[in-house]
Amino acid sequence: MTTFKDSSLHNGGTSAQHKMTLAQIFEALMGGQLTVRITAYDGSAAGPEDAEFGLHLATSRGTTYLVTAPGDLGLARAYISGDLELTGAHPGDPYGALQALASDLNFVRPSPLTLAHIARSLGIEHFRPIAPPPQEALPRWRRFTDGLRHSKSRDAEVIHYHYDVSNTFYEWVLGPSMTYTCAVYPDLDASLETAQENKYRLIFDKLRLKPGNRLLDIGCGWGGMVRYAAHRGVKVIGATLSAEQAEWAQKAIVEEGLADLAEVRHCDYRDITETGFDAVSSIGLTEHIGVSNYPAYFTFIRDRLRVGGMLLNHCITRPDNHKRGRAGSFIDRYVFPDGELTGSGKIISKLQDVGGMEVVHEENFRDHYAMTLRDWNRNLVEHWDEAVEEVGEGTARLWGLYMAGCRIGFERDIVQLHHVLATKLDDKGHNDLPLRPWWDA
């Protein structure tokens, strides 16, 4: 194992005259206690030789990415471009490697002397920023050309960025259900398809839907909830900002003989003018709304419901209500530009504050989302060669990294997934609901 300590710089001044290897620099920044193997293109290595997982810095460009964007953004740039490799793991599912690295990637701040030595060893050329990989979105401050934050035009652009990758690619990752939201597993051994069907069943039951009812599904994706409800005699309108999703969903609606009951519109949910719906489902949209827009969002939903109508809001959340809403740099630049998360308590309070809506139930599906991501990664591994051919290796690597990293986030309670169920009261504050929950868990 290569080791490096600050004290070596003071032994007669000799060490300070020698250029540090890349492995030594990694060790200095990580405190010298590695459990993974670090190797680099300069031939240096650090960490246990028999480690199951590790990092390999393959190119000089990767060093520049790491130096010019310290933290998760630089790591993502180097990894997506192929300049940084996670050894011991398949790129379609790097979960094991990320788990191992998570215990080591606790960067420490070396002494000023060590930092100066690192800078001299790297060379000034690595401190000049270079173009990021093509998969990276513009930084927030440069997105103003697409409109104000959460304006219709800017929301349309960021949804296009994430969801219009390729319907074929999504079919391989998501499986036959084409459902890009948390599944609800009836047991630990349930398949992804069984769990997604069970999720729609649960939402359908919570909303007290029955044949002849009218449902509005906001942010409907590829129409999974739309088609589930229509198969049970419910009239459904779905709305999505993704043109590819809308096209795929409309085709599926026709093929399944549901055209008389269901439609998916390529539009902003705010363009839906119909009212009097018996229920509104919002499954995975609130993350894109922006916390400051919650009052307008919930007011819109309230005004689309009939008295006694139901709302089910399914949303990724933070485990508390205090942290800033905006996502970190990797998620914002590579996954969900402009995405914002907050705690379930804030979602509930904002819903209550619009008036006329009563929250009647909420529950957390954090463990279910970790399992869902596990199964999506498995699908990507199974279809890896086809995925690379369809979208390119950089985008395929991005999705493997993103899903595996999110799985760890749910497992460690960094993020959660909550259902919030509410009903629209009459003008006297009454509802007509059963006294106890009416659905099977």
If we only count heavy atoms from C-beta on, is the [X] to [Y] side-chain gap below 4.5 Å?
| X | Y | value |
| --- | --- | --- |
| H266 | E247 | no |
| Y180 | I283 | no |
| L351 | I347 | no |
| L285 | Y297 | yes |
| V234 | L261 | no |
| S177 | E197 | no |
| F365 | H418 | no |
| L86 | L101 | yes |

Item to complete: Show the numbers, then the answer: is there a side chain to side chain contact (heavy atoms under 4.5 Å, CB included) between Y294 and D353?
Response: CA-CA 10 Å; Y294 283 2; D353 287 347; over 6 Å; no
Discussion item. Both conditions, 6.0 Å and 45 degrees, for the charged tip of R232 above the ring of Y228: are they met here?
Written reply: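 Cation-pi check for R232 and Y228: passes.
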[atom1]-[atom2] distance between [X] and [Y], expressed to the nearest 0.5 angstrom:
| X | Y | atom1 | atom2 | result |
| --- | --- | --- | --- | --- |
| E255 | I253 | CD | CD1 | 10.5 Å |
| L66 | R77 | CG | CZ | 10.5 Å |
| I203 | L421 | CD1 | CG | 10.0 Å |
| D385 | E390 | CG | CD | 13.5 Å |
| R374 | D93 | CZ | CG | 10.5 Å |

Between [X] and [Y], is there a donor-acceptor pair closer than 3.5 Å when you use the side chain of the first and the backbone of the second?
| X | Y | result |
| --- | --- | --- |
| T395 | G392 | no |
| W384 | N379 | no |
| R366 | E411 | yes |
| E287 | I316 | yes |
| N213 | K210 | yes |
| Q196 | T181 | yes |
| R397 | Y79 | yes |
| K424 | R302 | yes |
| T299 | P295 | yes |
| R407 | Y95 | no |

Return yes when atom [atom1] of [X] has more than 12 non-hydrogen atoms of other residues, nucleotides or ligands closer than 6.0 Å, and no otherwise.
| X | atom1 | value |
| --- | --- | --- |
| L188 | CG | no |
| Q352 | CD | yes |
| D440 | CG | no |

Closest heavy-atom contact between [X] and [Y]?
| X | Y | answer |
| --- | --- | --- |
| L401 | F330 | CD2-CZ, 4.0 Å |
| A262 | A230 | CB-CB, 3.9 Å |
| G308 | T423 | O-OG1, 3.5 Å |
| S60 | Y41 | CA-OH, 3.3 Å |
| A404 | P94 | CB-CD, 3.8 Å |
| F26 | L55 | CE2-CD1, 4.4 Å |

Worksheet item: Run the side chain to side chain contact (heavy atoms under 4.5 Å, CB included) check on L425 and H430 step by step: do they pass?
Response: CA-CA 5 Å; L425 302 172; H430 297 157; over 6 Å; no
When you compare the side chains of [X] and [Y], does any donor N or O come within less than 3.5 Å of an acceptor on the partner?
| X | Y | answer |
| --- | --- | --- |
| T179 | K199 | no |
| Q245 | T240 | yes |
| Y334 | Q135 | no |
| R201 | N198 | yes |
| N313 | T286 | yes |
| T63 | H126 | no |
| D375 | Y185 | yes |

Discussion item. Check the orientation of W172 and H383. Use parallel for under 30°, tilted for 30 to 60°, and perpendicular for over 60°.
Written reply: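 Parallel, since the angle between the ring planes stays under 30°.
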Worksheet item: Residues in ring-ring contact (aromatic ring centres under 6.0 Å, His included) with F410, at least two apart?
Response: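 Once residues adjacent in sequence are excluded, the partners of F410 under the ring-ring contact (aromatic ring centres under 6.0 Å, His included) criterion are Y369.
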Answer yes when [X] and [Y] have at least one side-chain N-carboxylate O distance shorter than 4.0 Å, and no when they do not.
| X | Y | result |
| --- | --- | --- |
| K206 | E362 | no |
| D83 | R61 | yes |
| R265 | E263 | yes |
| D320 | R318 | no |
| R208 | D432 | yes |
| D278 | R306 | yes |
| R304 | E274 | no |

Discussion item. Could you check, using the six-membered ring where one of them is a Trp, whether W399 and Y170 have ring centers closer than 6.0 angstrom?
Written reply: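 Centroid separation for W399 and Y170: below 6.0 Å.
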Worksheet item: What do you reckon, are the aromatic ring centroids of H361 and W439 less than 6.0 Å apart?
Response: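 Aromatic pair counts; centres sit under 6.0 Å.
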Item to complete: Show your working on side chain to side chain contact (heavy atoms under 4.5 Å, CB included) between L380 and M403 and close with a plain yes or no.
Response: CA-CA 10 Å; L380 181 55; M403 293 189 297; 4.0 Å; yes
Item to complete: Please step through salt bridge (charged side-chain N to carboxylate O under 4.0 Å, His left out) for the pair D426 and K428, ending with a clear verdict.
Response: CA-CA 5 Å; D426 66 20; K428 298 183 183 300; over 6 Å; no
Practice prompt. Determine, step by step, whether H56 and T87 satisfy the side-chain hydrogen bond (donor to acceptor under 3.5 Å, both in side chains) criterion, reporting the C-alpha distance in whole Å, the side-chain angles of both residues, the deciding distance to 0.1 Å, and the verdict.
Written response: CA-CA 7 Å; H56 175 63; T87 57; over 6 Å; no
Discussion item. With side chain to side chain contact (heavy atoms under 4.5 Å, CB included) as the criterion, how do L305 and M357 come out once you've worked through the C-alpha distance, each side chain's angles and the decisive distance to 0.1 Å?
Written reply: CA-CA 10 Å; L305 285 168; M357 296 291 291; 4.0 Å; yes
